Amino acid sequence: MRFSKLPRSIRQLSTHVLAIFLGVLLTVSSLRVLPSQAEPAPNPATNTDAPELIAQRQSPATTAIGSTSFVTAAVNRVGTAVVRIDTERTITRRVDPFMEDPFFRRFFGDSLPQQLPSEQLRGLGSGFIIDKSGLILTNAHVVDKADKVTVRLKDGRTFEGKVQGIDEVTDLAVVKINAGNDLPVASLGSSNNVQVGDWAIAVGNPLGFDNTVTLGIVSTLKRSSAQVGISDKRLDFIQTDAAINPGNSGGPLLNERGEVIGINTAIRPDAMGIGFAIPIDKAKAIASQLQRTGKVAHPYLGVQMVTLTPQLAKQNNTDPNSSIEIPEVNGVLVMRVIPNSPAATAGIRRGDVIVQIDGTAIATAEQLQNIVEDSRLGQVLQVKVRRGNQTQQLSVRTAELQNAS
């Protein structure tokens, strides 16, 4: 009997039963499939055949971002010990002596001014606290000749600063503030352990933007002040590409652990992204002397000099316009002898080539400068010089350098 010949009521009932059956069947099938889709993915650690999931790999970008967290930790370690230093200096300019001539005074009467109006010069720099009692280390050029020094802490408090000592030769100064005995102190590291490529973090107040941090690396070590273009200093700088701008002077240069490795001190106006810092080991020794005596005694010979090589000497000697013939050797050429200096007293002359001091061969002007700097005041140095075709041994007694210039 065909389905179409069944009574209408039976056909409708059969249709509903069939629909219910199909619904139940689909539900059961779904319940069997869904649990398998919700099972956790195989663990690569327990299943060596399963490929590594790309989503579980650490991307290079994530690694780079995560590695910068050491900067935050370093700055947090030393940040509260970094200070801003504002200076004021009053300059009174005298009238041109030409205007003080009695003739002009008689002609113009009292209309001529006695002196020009005074001028206020303001400066800005940085520094950092090295002792809980309020001792601050900074650059000499930040506070030199200042009539008023104001130190501002990171928390906003300001104090009058008293300059305890200045050393122009190494561009270092110590300032004291009276702010209690529980000030934050910067952790001092060792510049002898610094290597080229190490992280370098500069902290300070460049251009008046307080509490600024810049990041770079140590570009090179022992860059002499002569190479930097600061001939009146005796320093071997740490060179860095961390941004150092006016106002950064005196602030700390940190390593990745937040330890001070240098004092930001100099920038070259013609350089792009190159700055220089005084090694902290040098600063420690100078700061100690400045605290005790207020100054540092530097021995000197009294010569202006340049490094000489046989090639440079040969170029000079083959120049028909040259006024002097120079020995074609490695050494230090004396360009000028300061009158009444130890060198002048010992008989050193312009054109001499210093080739040895106390038995040590001299190859560069920086090497000679370091030997003299490390000597004692009044120490007699045995200096061997080449003068034309002759070699002479001279005894030079060092004296105290009175002026950095």
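Everything numeric here is computed off the predicted structure, so don't read it as measured data.
Partners of Asp171 by salt bridge (charged side-chain N to carboxylate O under 4.0 Å, His left out), not counting sequence neighbours: none found. Val383 pairs by the side-chain contact (heavy atoms from CB on, under 4.5 Å) definition with Ile354, Ile357, Leu381, Val385, Val396, not counting sequence neighbours. Residues passing the side-chain contact (heavy atoms from CB on, under 4.5 Å) test with Ser288, sequence neighbours excluded: Arg292.
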Check step by step if side chain to side chain contact (heavy atoms under 4.5 Å, CB included) holds for Val169 and Val296. CA-CA 9 Å; Val169 175; Val296 177; over 6 Å; no

I would like to know whether Asn193 and Asp198 meet side chain to side chain contact (heavy atoms under 4.5 Å, CB included); could you show each step before the answer? CA-CA 10 Å; Asn193 298 328; Asp198 283 350; over 6 Å; no

Under the side chain to side chain contact (heavy atoms under 4.5 Å, CB included) criterion, do Thr398 and Arg376 qualify, and how do the steps go? CA-CA 8 Å; Thr398 63; Arg376 301 183 309 275; 6.0 Å; no

Residue pair Phe128, Val260: steps toward the side chain to side chain contact (heavy atoms under 4.5 Å, CB included) verdict: CA-CA 10 Å; Phe128 55 94; Val260 181; 3.9 Å; yes

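Taking 4.5 Å as the limit, every side-chain heavy atom of Thr87 sits out of range of all side-chain heavy atoms of Lys145. Side-chain contact between Ile326 and Val353 is present, with at least one heavy-atom pair separated by less than 4.5 Å. Put simply, the side chain of Asp167 reaches to within 4.5 Å of the side chain of His298, judged on heavy atoms. Side-chain atoms of Asn330 and Thr309, non-hydrogen and from C-beta on, do get closer than 4.5 Å to each other. Proximity of Arg386 to Leu308: side-chain heavy atoms (C-beta onward) are nowhere separated by under 4.5 Å. No side-chain heavy atom of Asp86 sits less than 4.5 Å from a side-chain heavy atom of Arg122. Under the 4.5 Å side-chain criterion, counting only non-hydrogen atoms from C-beta, Ile244 is not in contact with Thr214. Using a 4.5 Å heavy-atom threshold, the side chains of Asn205 and Arg152 count as separate.
The backbone N or O of Thr72 lies less than 3.5 Å from a partner atom in the side chain of Asn76, making a donor-acceptor pair. Although no hydrogens or angles enter the test, the distance criterion places no donor-acceptor pair under 3.5 Å between the side chain of Asn139 and the main chain of His141. One N or O on the side chain of Thr212 and one on the backbone of Phe209 form a donor-acceptor pair closer than 3.5 Å. In this structure, Thr318 contributes its side chain and Gln315 its backbone to a donor-acceptor pair below 3.5 Å.
Among all heavy-atom pairs drawn from Val174 and Gln291, the shortest one is CG1-CG, 4.3 Å. Minimum heavy-atom separation, Arg387 to Gly347: NH2-O, 3.0 Å. For the residue pair Arg223 and Phe276, the shortest heavy atom distance occurs at CG-CE2, 3.8 Å. Scanning all heavy atoms of the two residues, the minimum distance from Ile362 to Leu368 falls at CG2-CB, 4.0 Å.
For Gln390, the CD atom counts as loosely surrounded, since its 6.0 Å shell holds 12 or fewer non-hydrogen atoms of other residues, nucleotides or ligands. More than 12 non-hydrogen atoms from other residues, nucleotides or ligands lie less than 6.0 angstrom from CG of Asp374. Within a 6.0 Å radius of CD in Gln382, more than 12 heavy atoms belonging to other residues, nucleotides or ligands are found. Other residues, nucleotides and ligands contribute only 12 or fewer heavy atoms inside 6.0 Å of the CG atom of Asn389. By the 6.0 Å contact criterion, CZ on Arg349 is open, its count of non-hydrogen atoms from other residues, nucleotides or ligands being 12 or less. Atom NZ of Lys384 has 12 or fewer neighbouring heavy atoms from other residues, nucleotides or ligands inside a 6.0 Å radius.
Remark: Lys282 NZ to Phe237 CZ distance equals 11.5 Å, nearest 0.5 Å. Interatomic distance, CD1 of Ile263 versus OG of Ser191, reported as 10.0 Å (0.5 Å rounding). Separation of atoms OG1 (Thr364) and CE (Met305) is listed at 8.5 Å; rounding is to 0.5 Å. Distance check, rounded to the nearest 0.5 Å: CG of Leu183 to CD1 of Ile177 gives 5.5 Å. For the atom pair CG of Leu301 and CD1 of Ile348, the computed distance is 6.0 Å after rounding to the nearest 0.5 Å. A distance of 11.0 Å separates OG of Ser126 from CD1 of Ile136, quoted to the nearest 0.5 Å.
If you check the side chains of Thr150 and Glu160, you find no donor sitting under 3.5 Å from an acceptor. Under 3.5 Å, the side chains of Asp241 and Ser219 contain no donor-acceptor pair of N or O atoms. Side-chain contact check for Asn248 and Asn264: no donor-acceptor pair (N or O, by modelled atom type) lies under 3.5 Å.
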